[in-house]
Amino acid sequence: MIRWSEEQQELCRAIGEVAAKLGSDHLENDKNGTFDQEGWQKLKDVGLFGLPFDTRHGGLGKDLTTTVHVLEQLGYAGRDSGLNFSVSTHMVSTGVPLQRFGSSALKERYLPEICAGTMIGAHAITEPSGGSDVMGMLTTAVADGDDFVLNGSKAFVSNGSIADLIVVYARTGAPGDVAGITVFLVRRDSPGLSVGNPISKMGLRTSPLAEVFLDNVRVPRDHVIGAKGAGFLILDHVMKWEILCGFGIIVGEMRRRLERCVEYARTRTAFGSAIGSNQSVANMIVEMRIDVDTAQKWIHDTAEKLQSKADVASDIAITKLVVSEANVRSALAAVQVFGGYGYVSEYGVEKDLRDAVGGRIYSGTSEVQRQRLATLMGLNRPVKLS
Amino acid sequence: MTVKHDITAHIIAEYLPGTPVEELDSSYDLLENGVISSLELLRLIAWLSDRYDIPFADLEISPDDFRSVGAIEKVVTRFEGLPAAE
């Protein structure tokens with residue numbers, strides 16, 4: 001169990017106070033698919049986006065576990081899950097790879113803007129034909145003088161329509177080549193780059209999702225993040241952060257949902273007593289409690305392990321599976337606990353369920369995570385050398 | 001322990017448990033024979049990076065660099081400036 005320092009707790013309280021004031025119109029924004037610019041501004045003002053980044057570049061210099069803990073508080077206090085998702089996407093898509101793999105010049109130029117939130121970040125990985133099959137990506141980057149020329153299209157780019165900087169993963173080697181993917185920091189205003197209209201979706205509707213098209217986009221060689229061909233390594237690093245930060249937020253959201261259900265079950269009466277005194281209702285809420293505690297333990301444990309540079313290949317897959325599946329169960333149980341009030345839009349309980357479903361798909365589907373685990377367990381490895 | 005022995009011992013422990021060390025030839029193709037998948041290659045690279053302090057993400061690498069114990073040994077010794085063990 002992590003014992004949080006007074007400073008860490010104070011940081012959480014500060015973010016929690018700001019986040020609690022956001023999202024008063026989150027249901028209306030969800031209905032219209034509107035990104036909360038005002039909420040973004042307030043989170044920007046409190047310095048949230050710079051949490052894990054170097055103080056030299058305008059960040060707060062906090063470690064991974066502190067970052068995850070504070071983001072969990074954002075999830076707990078902030079009611080707009082889409083806005084929370086956009087925050088996590090912004091930080092992990094651009095800031096995280098830049099800080100770890102970017103050149104000094106790139107860091108000096110862009111990290112202060114990312115920390116301040118004056119430039120919004122996104123990453124473009126998934127393609128229309130590939131889904132989670134990153135190695136099958138078709139977008140190409142061809143060296144030409146001092147530039148690379150990028151061509152292709154990317155699907156499901158979170159923050160796509162509001163991003164100023166897009167980290168694009170493109171093929172510089174043969175298909176299937178592990179060292180065949182390179183990472184580029186691409187400015188939204190680059191000639192040839194266009195972003196489609198926001199895509200309507202089931203949940204997280206306040207976090208804009210869009211397609212990105214690259215038509216002979218010239219990217220200077222000095223905007224390559226890491227070395228040519230290092231994309232798979234960079235993606236691995238980014239995905240670990242994405243899962244821990246993004247699903248850390250979800251743990252906070254699950255905790256808030258649990259508290260709402262406890263409160264409701266204690267005060268809502270039926271047949272002369274509080275519905276929480278009914279064992280079948282109580283059991284659902286107890287399962288929600290077990291789910292959120294389990295999810296939190298996995299997030300904290302894996303974050304600590306990663307921070308200590310341990311191998312978390314299996315842990316990260318399990319963490320993603322545990323939290324995303326628990327979130328859907330918890331959100332569905334909440335609808336049931338609230339009954340008719342859970343089913344109608346007015347109380348936001350059904351929105352939680354719609355928001356939760358995406359977690360089983362983005363950052364590697366549940367099926368891909370199980371496949372990863374099977375691979376890491378050696379289930380498809382030869383028993384003997386041939 | 002030489003770099004070659006160190007790498008061989010790690011690969012056997014992690015990916016081929018129970019295999020006698022002498023059975024893993026230094027030219028045996030780990031990728032082609034399915035011993036190491038692309039996912040496990042990442043784990044292997046992460047281990048090499050920590051073990052030998054090699055910043056792989058800043059280097060231009062190829063899958064061929066990790067195809068066999070011998071290939072991996074060459075990458076490590078090239079980076080360390082050490083001669084490959086006979």
Side-chain angles (χ1 to χ4, degrees), chain A residues 97 100-104 132-136 143 172-174 176-183 224-240 306 308-317 364 368-369 371-386, chain B residues 7-72 74-75 78-79:
Chain A
R100 172 68 181 78
F101 303 105
S103 66
S104 298
S132 295
D133 179 13
V134 175
M135 294 308 293
T172 48
D177 180 348
V178 171
I181 295 171
T182 300
V183 184
V224 170
I225 300 177
K228 179 174 169 250
F232 207 11
L233 286 171
I234 294 171
L235 181 61
D236 181 63
H237 177 75
V238 168
M239 276 297 132
K240 287 169 181 161
L306 181 59
S308 64
K309 297 190 173 181
D311 178 2
V312 295
S314 296
D315 305 72
I316 207 81
V368 164
Q369 301 303 339
Q371 189 57 42
R372 287 170 72 96
L373 285 165
T375 301
L376 291 167
M377 291 164 71
L379 292 173
N380 47 11
R381 193 180 296 144
V383 177
K384 285 186 174 180
L385 300 182
S386 55
Chain B
I7 295 165
T8 304
H10 175 78
I11 286 173
I12 285 177
E14 289 293 322
Y15 310 105
L16 290 165
T19 303
V21 173
E22 60 275 13
E23 276 190 25
L24 180 57
D25 188 87
S26 66
S27 63
Y28 183 78
D29 195 324
L30 300 163
L31 307 182
E32 187 70 28
N33 288 298
V35 173
I36 293 179
S37 66
S38 55
L39 173 61
E40 289 165 323
L41 185 55
L42 277 176
R43 288 181 66 213
L44 176 63
I45 294 172
W47 177 78
L48 290 165
S49 181
D50 280 348
R51 184 80 166 177
Y52 298 103
D53 200 21
I54 304 174
F56 280 111
D58 299 329
L59 305 172
E60 289 199 15
I61 53 174
S62 148
D64 289 339
D65 293 329
F66 307 97
R67 195 165 285 285
S68 64
V69 170
I72 298 167
K74 277 184 187 164
V75 171
R78 188 175 72 213
F79 189 81

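Reckoned from all heavy atoms, side chains included, excluding hydrogens, waters and symmetry mates. Letters A, B, ... mirror the listed sequences (proteins, then strands); counts begin at 1. Quantities reported herein were computed from a predicted structural model and do not represent experimental measurements.
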Under the criterion side chain to side chain contact (heavy atoms under 4.5 Å, CB included), I'd like the reasoning laid out for B/Leu42 against A/Phe232: C-alpha separation, chi angles, the key distance, then a yes or no.
CA-CA 8 Å; B/Leu42 277 176; A/Phe232 207 11; 4.2 Å; yes
Give, as side chain, backbone, both or neither, the part of [X] having an atom under 4.5 angstrom from any heavy atom of chain A.
{"X": "B/Leu59", "result": "backbone"}
{"X": "B/Tyr15", "result": "both"}
{"X": "B/Ala57", "result": "both"}
{"X": "B/Leu31", "result": "neither"}
{"X": "B/Asp58", "result": "both"}

Heavy-atom distance under 4.5 Å between the side chains of B/Ile61 and A/Leu233, does that happen here?
yes
How long is the gap from CG on A/Asp311 to CZ on B/Arg43, to the nearest 0.5 Å?
4.5 Å
Counting heavy-atom pairs under 4.5 Å to chain B, which of A/Ala227, A/Gly231, A/Ser103, A/Gly180 comes out on top?
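Result: the option with the highest number of such pairs is A/Ala227.
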Give the minimum heavy-atom separation between B/Asp50 and A/Lys309, together with the two atoms involved.
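In terms of heavy atoms, the two residues are closest at OD2-O, 3.7 Å.
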